[in-house]
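Report on one structure; see the data block that follows.
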Amino acid sequence: MATAVLEAGDVAVRRGRRTILSHVDLALGGGEAVHLVGPNGSGKTSLLRVLAGLNVPAAGTLRRPASCAYVPEKVVLSAAMRPGEWLRAMRGLRRLDRVDWSCAALESGLEPEVLDRPSATLSQGMLQRIALLEAVHAGAVLLLLDEPFTGLDVAGREWLATQLRRRADAGAAVVLTDHSADAAALVDLACVLQLAGGRCERLAAASPARPGPLLVVRALDPAGRAIEREVARAEVDDVLRDLLAAGCHIGEVRPVDDA
Amino acid sequence: MRYLLLIAGRSRAPLPAVAAGLFALLGIYAYRPNEIGETWALTALLCAVLAAWLIGALMDGEPRPQADMTVAALGGRGRRDRLDWMLVAAVAAGLTVVFLGFPLALTLVLSDPPVFGHPVGAGDLACGVLAHLSCAALGGAVAVLFAPPRVRRRATAIAAVLAALLVCVAISGPLGGAGGPIAVAEVMYDEAGAVDGALLLACASCLAATAAALSAAAWWGRRSG
């Protein structure tokens, strides 16, 4: 296993006065992803919150990086806050250099204008994609994502899967929950943690079904900034249509391996 | 602090508290001349209430999922607690500057009748700074104690803050000179003009209660998530 990013030993998780999980053991190295599965109320979100440092474990030991990227299941920002402002503020909190969020948003499939609208006017899927955008650009070595694929359209799921693969290649560890089949299908999982009855059982991960050949689309946005997106062959027509509608100039489309 | 200012600016949640503070200032100094000690005893107590209101509104203006993402980015509850302590210190300092700066600025432009019965000396100013800072810090700390994620319902938080401030009033009698904001106000009312042991004891009791409230908030926050 690569250098351990997250180590939990005999951790117990409490919600209110009730212990909902006990004897959780988890060691996660850089580049590995873990899928938390279990029925509603089994403690997936509570465990993620403990791993994110939002709650202390009721028992056991936890060694985690100081800063991580956490995206809750339901993302809510202050109603009048512009997502662009929030992204810049989070960047400042993390003491990271500035990012061209317009370009990053376009790559994720969001119109850059969305960043300047009050968050109250955005859909749940848009807010979730903005929070995921912040998480994957945070440079964090640990990403904790609660139902990240829920609420995203097909292109959004492809984008997220690509970003998670990139983060894993860069040495980040990922813990995610997902009730759909997307996590298993799109993400290379080191293991699956099955939560049920207050216990946590480690299962082998199934090999992901690959989403088909990927294409690289290179384009220039109306401001002349370069855009590069990896998309599945089945989605390329929709992506090109969106880019052209946004006034972008398409440079090239070619398979990933040739790019 | 830029992040907190962004929330304050965008949520506009602290506006009612700011408006109330300005009305209070204008109302107090509309009638002249004033006695320095008595007036600043009153405004120090007002600072405790306004700090609680401002900080409570500001912290309530940050939705919980947004606060959670911030805590994770900062590196855990401990770092967020430090941000809250900075907020308490900044609000206490800001209110002190406003509540002492306004009458001092008025004295420069209004002379007949004068703002105060006698000129403001360095001793008066030192007493005022200590009294306003310590009272506002305690009010702010009480607001942090009952802010999310510890108390999630705004109505419950307001009731809890009011109850805590009333407890401060109720216990000030038995505690005497170490009775928190009420003791500060009594010392200011009786013998303002120089920083003495009584004022230091009263301010120290406020700051001790502030530290206790912030420590309790940190402990409670780690458990309530």
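To find a chain, count down the sequence lines: A is the first, B the second, and so on, and within it residues start at 1.
The candidate from A:Ala89, A:Ala69, A:Gly53, A:Cys68 with the greatest count of non-hydrogen atom pairs under 4.5 Å with chain B is A:Cys68. Comparing B:Gly78, B:Gly76, B:Ala73 by how many heavy-atom pairs each has under 4.5 Å with chain A, the most go to B:Ala73. Per-residue heavy-atom pair counts under 4.5 Å with chain B were compared for A:Arg88, A:Glu134, A:Arg82, A:Arg14, and the maximum is reached by A:Arg82. Between chain B and the residues A:Pro72, A:Pro65, A:Ala52, A:Ala140, the most heavy-atom pairs under 4.5 angstrom are made by A:Pro72. The choice from A:Val75, A:Val56, A:Val71, A:Leu144 that makes the most heavy-atom pairs within less than 4.5 Å of chain B is A:Val56. Options A:Leu93, A:Val76, A:Leu142 differ in how many heavy-atom pairs under 4.5 Å they form with chain B, and the most are formed by A:Val76.
Put simply, the side chain of A:Lys44 never gets that close to the backbone of A:Leu176: no donor and acceptor are under 3.5 Å apart. Between the side chain of A:Thr177 and the backbone N or O of A:Leu36 there is no donor-acceptor pair closer than 3.5 Å.
One finds no salt bridge joining A:Asp146 and A:Arg49 here, because no Lys/Arg side-chain nitrogen approaches an Asp/Glu carboxylate oxygen to under 4.0 Å.
In this structure, no portion of B:Arg80 lies under 4.5 Å from any heavy atom of chain A. A:Met81 touches chain B through backbone and side chain together, each having a heavy atom under 4.5 Å away.
Between the CZ atom of A:Arg94 and the OG1 atom of B:Thr70 there is a distance of 9.0 Å, given to the nearest 0.5 Å.
Between the side chains of A:Arg129 and A:Ser108, no donor-acceptor pair of N or O atoms lies under 3.5 Å.
When every heavy atom of B:Ala137 is checked against every heavy atom of B:Val88, the shortest pair comes out as O-CG1, 3.6 Å.
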